[in-house]
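We name chains A, B, ... by the order of the sequence lines, and we start the count at 1 in each one. Not measured: the values here are computed from a predicted model.
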Amino acid sequence: MLPEAASTLPKKERLNGKKDISALLAGGKWGSVGCLRYCSKPNALEYSRIVVSVPKRLFKRAVKRNLLKRRMREAYRTSKQLLGACPQDILFQYISPEIAELQEIRLSVETILKKLAK
RNA sequence: AAGGUGAAGCGAUCUGUCGCGCAGCCAAAACUGUGAGGAAAGUCCGGACAGGACAGGGCACCCCGCUGCGGAAAGCGCAGAAGGGAGCAAUCUUUUGGAGGCCGUAACAGAGAAUAACCGCCAGAUAACAUUAUUUGGCAAGGGUGAAAACGCGGGGUAAGAGCCCACGACCAUCGGCAGCGAUGUCCUUGGGGUACGGCACCGGGGCCUGCAAAACCAAAUAUACCGGAAAGAAACGCCCCUGUGGUUGUUUCAAAGAGUUGCCCGCUCUUUUCCGGGGGGUAGGUCGCGAAGAUAAAUGACAGAUUUAAAAACAGAAACCGGCUUACGGCUUCACCUUUUAU
RNA sequence: GGUGGGUUCGUAUAACGGUUAGUACUCAGGAUUUUCAUUCCUGCAAUAGGAGUUCGAUUCUCCUACCCACUA
């Protein structure tokens, strides 16, 4: 695995489209770690795809939601090599009512990726 | 120097590493360029744009209503006029009006809330006979109530009183002069005397309805208007096994119904059922609307260093565009003005 | 994104701009009963927040906050 490719997050590695997301929600496995909840499902592609989500119920201001989504993407980008060679679709959902720091989110994301790599 | 009032403005900058959206070459990589706000917010107004409706005109309905200028328009901006309120002041804030016809309301209190007689004042008559009572009439000067009580004060006048009359004022309307583009102000002439609020009618101006999830283009699956072609059904008795409103089944019998075409028959056509092919509108989806930020689960971040700073910390993130309004906001700069104190 | 509607005791609801904001259930106290339930009496308890119009605002106007519905 190339070290440059390990820390990028191009558009094709993001899950989009109503059908794919519905399929993930319908057939994925759920779990939660720390301030995050995740839902994963293996896919048939050569790379993994992710979705990040912050509920509007917890944070009314768009600025705070954008901040948390950026932190979650950043944490996944810097630590996605932990996932190894088993591609899957992952949904990250933020469930804490408080704004967490980047280190805390990174810790949760790394725990989730280690679990999913097994 | 301290406090305050008004107006305008800033909303950190630079460098390096990693990373993201879009564009630049047909695709990828690499490279280059570019990438949130003063409010992007609330959606409170208006516009532009788009579709639908619509010959033209009127009524109804809705909105606005002091003046001038700006503006495409606006519950818009600037400057002003009149009245009220806050402040020592700088200054801030709020209201109306055009015309005055009709109607409604004014709780409680109070005699009375809009054709005012409870107490009271005065005159006449009767009973009674110094006085009082009853009754008829006149009177808005005094009382107290209330948010609001029928111009103020002085004099004349009268039975008692009253703008009833007079002088001086206040208010409303008005011919004329002067100032002003104008609202209006001021001087003068003449006239007036039941308040406040709201609605209707009248006058002037404006307004069709819906909204980018609008609209336009391409267009699966399913159902289907329409067109072309082909076929037809029912009953009885058997046969089979999965025993059912069963069937890629056999034999026999009758060859369907309605309408039209001449009264009848044949023939022909159409409808009712099934299949095949074509085909229109149109859904999912995609493109466009869409921009030198601009996507379609949605891009601006992370780390390190330097400068100003006590500390990079406030409110807050474009989803079609434009002009306003309103609301949120740490820290700070500039200008003008006011008050207080000190010094010259 | 766009367009509408709403917020009244703990709950469900009413109000012409005008008494101390009414009614039912709930809660508290008392009476009735041997006791409990039922019933009766009494009480506590609210106009989302802030300005304005008015003599006076739940009501009329504006701003803010929150909730609900419709629209692909």
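- Shown here for A:Y76 and A:S48, the closest heavy-atom pair between the two residues is OH-CB, 3.8 Å.
- No N or O donor and acceptor, one from the side chain of A:R70 and one from the base of B:G19, sit under 3.5 Å apart.
- Across every strand in view, B:U224 sits in a pair with B:G280 that passes the Watson-Crick or G-U test at under 3.5 angstrom.
- Nucleotide B:A72 has no partner under the Watson-Crick or G-U criteria, as no pair reaches both atom distances under 3.5 Å.
- Using atom C1' as the reference point in both B:U287 and B:A215, the two lie 14 Å apart (nearest Å).
- Across all strands shown, B:G110 forms no Watson-Crick or G-U wobble pair with both distances under 3.5 Å.
- Note: A:C35 SG to A:I99 CD1 = 11.5 Å, rounded to the nearest 0.5 Å.
- Base pairing annotation: B:G9 forms a Watson-Crick or G-U wobble pair with B:C332, both donor-acceptor distances under 3.5 Å.
- Residues A:Y38 and A:Q93 fail the side-chain proximity criterion, which asks for heavy atoms closer than 4.5 Å.
- In this entry B:U269 has B:A259 as its Watson-Crick or G-U wobble partner, both defining distances falling under 3.5 Å.
- The CD1 atom of A:I99 sits 14 Å away from the P atom of B:A313 (whole-angstrom rounding).
- Residue contacts shown for A:R73 are limited to sugar-phosphate atoms, with no base heavy atom under 4.0 Å away.
- Atom CD1 of A:I105 is separated from atom P of B:C303 by 12 Å (rounded to the nearest Å).
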**Study point:** Evaluation steps, side-chain contact (heavy atoms from CB on, under 4.5 Å), between A:V109 and A:S79
**Key:** CA-CA 8 Å; A:V109 170; A:S79 61; 4.1 Å; yes

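- Taking atom CD1 of A:I50 as the reference point, atom C1' of B:A297 lies 12 Å away to the nearest angstrom.
- Checking B:G56 for Watson-Crick or G-U wobble geometry (two distances, each under 3.5 Å) identifies no partner in any strand.
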